[in-house]
Amino acid sequence: MKIKPYNEMLLLEPVKENTALQMTKESEEKPIKGRVVEMGEHAGIFDFQIGDIVFFRVFMAHEIEYEGKEYYFIHYENILGKEIPDETD
């Protein structure tokens, strides 16, 4: 089974850094990274693609657990930015 966001929503999987992501009141205020795993039918027109690494604030997203994994639904307007690979890589 798959999850499909509607309209302009993105489904993100948190990208864990070197240490486990620990959610505290302070960390909710700091942007975290997420990988776009699914998009609503209109989100693709806003320069997002499956696999993009984006920055977002947890308090702007809706957290869910699905098949034992953590995901976030977020509207594209609440994405702060995305990683752009260096052209030298």
Side-chain angles (χ1 to χ4, degrees):
M1 186 182 304
K2 219 173 165 181
I3 302 173
K4 181 68 176 173
Y6 285 124
N7 299 319
E8 299 166 344
M9 299 296 286
L10 301 170
L11 182 66
L12 306 178
E13 178 179 53
V15 174
K16 310 268 193 244
E17 298 294 331
N18 293 336
T19 60
L21 183 65
Q22 295 182 351
M23 300 310 299
T24 65
K25 185 172 174 88
E26 291 174 2
S27 67
E28 287 180 4
E29 297 172 8
K30 294 180 182 177
I32 63 170
K33 290 182 184 182
R35 178 176 290 106
V36 177
V37 293
E38 276 295 335
M39 301 185 305
E41 57 272 8
H42 301 296
I45 64 173
F46 299 103
D47 196 31
F48 295 107
Q49 296 179 355
I50 303 294
D52 282 350
I53 303 295
V54 297
F55 295 89
F56 68 104
R57 289 200 168 105
V58 173
F59 69 86
M60 299 298 288
H62 304 281
E63 183 179 356
I64 65 165
E65 187 174 315
Y66 181 73
E67 295 184 349
K69 288 181 140 183
E70 179 182 355
Y71 296 97
Y72 294 94
F73 280 108
I74 191 164
H75 192 268
Y76 81 93
E77 289 181 333
N78 294 318
I79 299 296
L80 303 172
K82 72 177 185 177
E83 279 189 351
I84 305 295
D86 289 337
E87 292 184 19
T88 57
D89 290 344

I'd like to know whether L12 forms a side chain to side chain contact (heavy atoms under 4.5 Å, CB included) with I79, so could you lay out the CA-CA distance, the side-chain angles of the two residues, the decisive distance to 0.1 Å, and finally the verdict. CA-CA 11 Å; L12 306 178; I79 299 296; 4.1 Å; yes

Could you pull out the closest heavy-atom pair between V54 and K82, with the gap in Å? CG1-CB, 3.7 Å

Measuring from I64:CD1 to E70:CD, what's the distance to the nearest 0.5 Å? 10.0 Å

Contacts table for residues 39-49: side-chain donor-acceptor under 3.5 angstrom, sequence neighbours left out:
{"from": "E41", "atom 1": "OE2", "to": "N7", "atom 2": "N", "distance (Å)": "3.4"}

Here the gap from M60 atom CE to Y72 atom OH, rounded to the nearest 0.5 Å, amounts to 14.0 Å

Approximate separation, where rounding is to 0.5 Å, of H75 NE2 and H62 NE2: 10.0 Å

Output the distance between atom CE (M9) and atom CD1 (I3), rounded to the nearest 0.5 Å. 12.0 Å

How far does CG of D52 sit from NZ of K33, to the nearest 0.5 angstrom? 13.0 Å

Taken in chain and number order and not counting sequence neighbours, the residues that satisfy salt bridge (charged side-chain N to carboxylate O under 4.0 Å, His left out) with E8 are none

Nearest non-hydrogen partners of G68 and E65, listed with the distance: CA-OE2, 3.9 Å

Going by the rule side-chain contact (heavy atoms from CB on, under 4.5 Å), which residues pair with K69 if we only count those two or more places apart in sequence or in a different chain? E13, Y71

Shared-cluster residues of I84, by chain and number - hydrophobic side chains joined below 4.5 Å: none

Connected hydrophobic set around F55, excluding itself, where side chains approach under 4.5 Å: L80

Hydrophobic cluster membership, F59 vs F56, 4.5 Å side-chain cutoff: yes

